[in-house]
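Encoded as C-alpha cells, the structure appears first; notes follow it.
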2 protein chains.
Amino acid sequence: MSEGHILVSETGVPGGRAERLSALRKEIGRRGLDGFVVPHADEHQGEYLPAGAERLAWLTGFTGSAGLAVVTVARAVIFTDGRYTLQVRAEVGEAVYEFRHLISDPLSDWLIGALPEGGRIGYDPRLHTANWVEKTRARLERAGIALLSLAENPLDTVWTDRPPPPLAPVIAHPPEFAGRSSADKRAAIAADLRRNGISAAVLSQPDSIAWLLNIRGGDVPHTPLPLCFAIIGADGGVELFIDRRKLTVGLETEHFGPDIAIFSPGALGQALIRAGRGGRRVRIDAMSASSWLLERLIAAGAVLDRGSDPCVLPKACKNPVELEGARAAHRRDGVAMVRFLHWLAEAVSGGGVTEIAAAERLLAFRSEGALFRDLSFETISAAGSNGAIVHYRADPGRDRTLESGTLYLVDSGAQYLDGTTDVTRTMALGPPDAGMREHFTRVLKGHIALATVIFPNDTTGSQLDSLARRPLWDVGLDYDHGTGHGVGSYLSVHEGPQRISKAPNRTELQPGMILSNEPGCYVPGAYGIRIENLQAVREHAPAVGDGFRPMLGFETLTLVPIDRALIEPALLTSGEREWLNAYHGRVHDTLAPLLEPAPAAWLAAATAPIS
Amino acid sequence: MSEGHILVSETGVPGGRAERLSALRKEIGRRGLDGFVVPHADEHQGEYLPAGAERLAWLTGFTGSAGLAVVTVARAVIFTDGRYTLQVRAEVGEAVYEFRHLISDPLSDWLIGALPEGGRIGYDPRLHTANWVEKTRARLERAGIALLSLAENPLDTVWTDRPPPPLAPVIAHPPEFAGRSSADKRAAIAADLRRNGISAAVLSQPDSIAWLLNIRGGDVPHTPLPLCFAIIGADGGVELFIDRRKLTVGLETEHFGPDIAIFSPGALGQALIRAGRGGRRVRIDAMSASSWLLERLIAAGAVLDRGSDPCVLPKACKNPVELEGARAAHRRDGVAMVRFLHWLAEAVSGGGVTEIAAAERLLAFRSEGALFRDLSFETISAAGSNGAIVHYRADPGRDRTLESGTLYLVDSGAQYLDGTTDVTRTMALGPPDAGMREHFTRVLKGHIALATVIFPNDTTGSQLDSLARRPLWDVGLDYDHGTGHGVGSYLSVHEGPQRISKAPNRTELQPGMILSNEPGCYVPGAYGIRIENLQAVREHAPAVGDGFRPMLGFETLTLVPIDRALIEPALLTSGEREWLNAYHGRVHDTLAPLLEPAPAAWLAAATAPIS
C-alpha cells in the first residue's frame, strides 16, 4: 500500500452533528476562546487512531485519514487533501462546514481571515506536534492572533460518551521473531545518548517502544501497537507509561526485568519534569512528539536536543532473524495470494464476485497461514475504474462486481508474528486491450528498474525514485504517490525514516531496511494499475578491482505472480524479460511444493517464462 | 567542467611567508584578539577572486579554490577539502600549518579545542556569508568563545602591497545577445518584490547584476563580470555601487538611463541603512550575501526577508534570443573542437605533444571563432593518469606528453558574446584496451540516459542524477562529482539555482535552463573518462490522451564527436545506438559545411554510424 492512501476504520457516528457542533461552540465560548482546532490525531501522532481519538469524525462525520477542522463562533471549516475532496463533501455535508485544501490553503491564512486582531484560538497540545504549533503560532502572531494551549480539550468535555482508551493485552515479542534482546537494544541506544551528552530521550511513538522493549499490543487496527509513552535514560533504564491492566501475566517480572519501571499514563507529566530538571539535555523528536511533551520539558528547564527518535533508524534496519522472519512470512503470504488468485480466476468466470467478497476470500486464505494475526491494513479491492482511485475503499452493500474486460487491483497485506507483508497485484479479467498492456508493461519496467538497481552506500531513496518512473515519463505519464515506503517487522506497514519518493529524503538506504516498490498508472474512469513487492536492502556482492566500491542492492521478498496476460513482451528489454522469468521461476519453485494440485497447476501456468 | 574542480589563476606569492604570518599575529594581538579567520573568498562570495582578494594564497601559499585558515597566537591551521589534500601540503609546507578537512573536521571544533573559554576570534564580515557567521557563532558561543566582526581586516593592514581592485571596462550587453531589455527585467523583479511586500532587494552577486542591467565586465578571470553591488527597489529603480572609472563612454547616459543611479562602492553602507530604515522589508540571500550586508540592514532596523536573490531564477531560464545565441556559440565551438581533435589525431602520431601545447592549440582554434572573448575556465588538458585527477591542472614546464596507448581528457570551454560553452571529450590515443572501452561505454550510457530523459514539470535535477550513474553503479563504479551544473549566457560557467547531483536541490527544472551533462569514470593511476555536453531544458511535444501530462526534455547544444574507438557497441541498447548515430549525424551535418576539407574528412569518419 502506498503511503497516502491510509484508511481508518469507520467510527460509529450517529446523528446529532448539529447538536455536537453547537455544544462545542458553547464550551469554546465558556472558555473565552474565539475558536478551537480539531485535528485527526491522537497523542502519538499515529497513523491509526483508537476510537476515543476519533474526535474529527465524531464532530463532523468525516472519516478520512488526514484532516483538521476549525470551529469558531460564526464559522466552521474542514481542511482535507486532494484525496478526500469528494468524500468530505459526501460525509460532512455542505450546509455547516466550509471546505479547504490542507496544503494549498493553509489553516493560518483561513484563521487570519476569519478572526479579528486579538483573536484567541485554542488547541489541545497533546494532539499537535511541537513543529506544527511553532510554525502555526509564528504565523498567527504576526497577524495578532493568539494560539492558546489548553490544559483540557473542550471537545472531550462535550463528548460525554467518548470511548475509553483501548486495553488490548500487551505480550512479549519473543527472541525467535525479534532477533535481538531488549537489553541489547537499550544498551546501544543508551551508549548513543551518552556519546551525545544526552541524559534521556522521550519516546512518544508506540512502534518505537514496541521495538525497544520487544513487546506487541493491539490498541489500534492492523498494527500490533500498545499505546504508551516511555523515557529511556542514558543508563539504559526505561520508564514506561502504560495502563497496567494491559500487561499480560508475567510480562513485568519475566520479560521486562528490573530495568523497566512501569508507571500509569497519568504520571508522564511529572516524569518529564523530573527528566528535564536542572538543565538536563533531553532528546525529543519535534516532528513526531506532541507539543504537550515539549511544554513539560521546557517548564522543567530541560535543554532540548531536537533530533530524531533514537529507535527509528535501528528499528528500520532489520536484523538477520527479522529478515528470515520476513522471508518466511512472505512465503505464507504468497501461498495465500496464489490460492486467492487461482480462486479469483475461476470465480470471476462464474460471475457475481464483488469487491468485498473478493477481499473476504483473500482474508480467509491469509487466516489459514501459520502465525497470521491480522491484516496489515484494510484491503483495497478495486474493480475497473475504482482502481484509479488510489485510496479506494469499497462501500459495504454498494461495492462493484468484478467484470470481464476490466482490470482488478488488489492491494493488501498481513501481520504475521514473524513479519508484515504488503503486496499489490493488478489482474486482467478476460482479455486486456493494448492500452492496458502498454500501461501495465511500463509500470512493470519501472518496478524491475527499482528491483534490480545496484547503488553506493550513501544513496537515499529520493535518488532512486526516478528509475521507477522513467518508463512512464517516456510517454507522458506519472503517478501521484510515492514509489516506496518502509515496512516494519510485525509492526507498522508504513515506517520511516527511509522512503523512495520525489520528496527529498536524507536517510541513506542501509542493509536490512525493508521498502515497498510500487509504481502505478491510473486512467481515471477506466482502470488503475499498480505492481507492489516488498524488497530488503542488502549488500551487493563486491566487485574487485581499481575504483570499485562497496555497493548495495535489493532482495525481493514478495512471492506472487505478476499477470502475464498484461505484459507486452515487445516492450521489455532482454534484461527485463530475464528478471521476470527468474522471479516467476523463484515464485513457482518456492510456492508450488506448499500448494494443493489445482492452485499449483494454476501457478505453473501463471509463472511460465515469457519470450 | 564539473563543479568542484574550480581553478584559480596562481597568485604571485614570493617568499617571506613566515614574516607574513608573524606580522598578522602581531596585528591580531594588537587588536586584543586570540585568533583570526582567513577564508578563500571575496566580498561577493564569487568563484573567481580578484588578485587583491587572494588573502589565503598571500598568507599561506595555498592556491586551491576552496579553503580557510585560522591563525591564533600559538597555532595556525588550514582547512581544505579532499581535492586538495596533497596540493595543500606541497604548497604550504608542514612546518607551520596544521592541516584539517573542511567538511569532516569543522572549524568550530578545532577552535573549541585550540582556545580557552572566553577566547576571542575575529573575522572580516565582508568575506563570510551571513549563514556561515550565524552557524559558526552559535557553535562557538556554546563553548564560551566569541566570534567578533571586525570593521577592518587585520591581514589587509599587514599586506601593504595588496593589489588594488580591478578596473576592467564595463560594457553594455546588447539586445541581440541579451534578448530582453534591462527595463523589462527590472519591471518584472520589481513587480515580484511588490507582490511580496518587499521594499528593496540587495544584490551582492555580480552575475545577477550583469544579467539585470545587461552589462558585462572583466574583473575576474574567465567570467565577464564587473565586480559591483546593487540595490533594486520595488519601483524598479536600481542603485549601482561601482567604481565609475570602469564605466565605458556612454554607458551611463545611453545604456543605463535615469532609473539606474551610480554610487561609489564606499557609499554602499549608507545606502543599506537608507534601504532598511523604518522597518522596511528588504530581501537578502543569506546563503550568498556577506554578513556585513546583513549587519548594516539589521542596524538600520530593516525587516529581513531571507530568500533567494530575485535575479537567479529568471537569469537561469534563458530567453529565446539567448538560446539561439547558445546554439550559434556551440556551432563555432564545435568547429574549433573538431579542428583541434583533427590536429590532435595527426600531431600525437608525430609525437611530442604536451598537455599545455595541446591546450594552447585548442585556445588558438577557439580564438579564430567570431565573438570569441575568453576561455570560460582554464582548460583541463590531462594525459593518461592525470585524467583521473578531476581538478587536474598542468604545471608549466613539467607537463606530460600525450602517449599512444593512453587516454587524453580535455575539459574546456569559451566565452562568446552570444554564449558560454563547456565541453569534455576523452580520446583514445592509439588502440584502447577492453577496460577503457567498457568504462567509456558505461559513461556514455549514463550520458545518453540524461540526454534523452523526459520528465514532468515538477522535477528537480536531484531526481535525475541517478539516471546518469546507473550504468556505472551496475558494475560497482561511481564518480565523486556532480552530474550537471547550470551555465550562464556569456556569464558564469557555473551558475545556479538548478543542479543535477546527489545533493538534494529543490529547484524544479524549467524551460530555458542550460545544464551540463557530465558523468565520468576515474581509475586512479591509469586514466580518467568524462563525456560532457551542455543541454537546454525544453518542452517536450505533448502526448494526447487520458492521464498524459505536460513533460519536459533536453535539447543537446554541444556539437563535438564522441570517440567511436572507445565505444563497445555490444554494451549499448538499440535505443542508445540510435541516439549516438543521430547525434553524430547532426554534428556532422551542422559542422561539415563550416570546415576545411581535411578536418571535414576527419569529422566524416569520426561521426560515421556504428552498428
Side-chain angles (χ1 to χ4, degrees), chain A residues 142 303 388 435 439 449-450 452-480 501-506 508 520-529 540-553 573-575, chain B residues 142 303 388 435 439 449-450 452-480 501-506 508 520-529 540-553 573-575:
Chain A
R142 265 188 247 145
V303 174
H439 287 159
L450 189 55
T452 56
V453 62
I454 307 299
F455 52 92
N457 279 326
D458 59 355
T459 305
T460 68
S462 304
Q463 291 174 249
L464 302 184
D465 179 75
S466 61
L467 300 173
R469 296 182 193 271
R470 186 167 188 183
L472 292 159
W473 287 357
D474 280 346
V475 292
L477 296 169
D478 200 359
Y479 49 92
D480 292 326
S501 83
K502 292 185 178 188
N505 176 305
R506 291 184 179 259
E508 294 172 1
C521 179
Y522 306 93
V523 182
Y527 53 82
I529 291 164
H540 183 73
V544 180
D546 281 341
F548 292 106
R549 314 177 178 208
M551 305 294 277
L552 300 173
T573 65
S574 60
Chain B
R142 264 188 247 145
V303 174
H439 287 159
L450 189 55
T452 56
V453 64
I454 307 300
F455 51 92
N457 279 323
D458 60 353
T459 306
T460 69
S462 304
Q463 290 175 249
L464 302 184
D465 179 73
S466 61
L467 300 174
R469 296 182 192 271
R470 185 167 188 184
L472 292 159
W473 286 356
D474 280 346
V475 292
L477 296 169
D478 200 359
Y479 48 93
D480 292 326
S501 83
K502 291 185 177 187
N505 176 304
R506 289 182 179 260
E508 294 172 2
C521 178
Y522 307 93
V523 182
Y527 54 82
I529 292 164
H540 182 73
V544 180
D546 280 341
F548 292 107
R549 315 179 177 208
M551 304 294 279
L552 301 172
T573 65
S574 59

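Quantities reported herein were computed from a predicted structural model and do not represent experimental measurements. Every chain is numbered from 1, with letters handed out A, B, ... down the list of sequences.
Most heavy-atom pairs under 4.5 Å with chain B: of the set A/Asp465, A/Asp474, A/Leu464, A/Asp480, this distinction falls to A/Asp480.
Not a single donor-acceptor pair under 3.5 Å links the side chain of B/Arg469 to the backbone N or O of A/Pro456.
With rounding to the nearest 0.5 angstrom, the OG atom of A/Ser501 is 8.5 Å from the CD atom of B/Gln463.
With 3.5 Å as the limit, one finds no donor-acceptor pair spanning the side chains of B/Arg470 and A/Ser466.
Annotation for B/Met551 and A/Gly476: closest pair CG-CA, 3.6 Å, computed over non-hydrogen atoms. The heavy-atom pair separating A/Ile454 from B/Trp473 by the smallest distance is O-CB, 3.0 Å.
When each of A/Leu477, A/Asp478, A/Leu472 is tested with B/Arg549 by the rule side-chain contact (heavy atoms from CB on, under 4.5 Å), just one qualifies, namely A/Asp478.
Using a 4.5 Å cut-off between heavy atoms, B/Asn505 does not touch chain A at all. Proximity to chain A involves both the backbone and the side chain of B/Ala449, based on heavy atoms less than 4.5 angstrom apart. The part of B/Thr459 that comes within reach of chain A is its side chain, from C-beta onward, which places non-hydrogen atoms under 4.5 angstrom from that chain.
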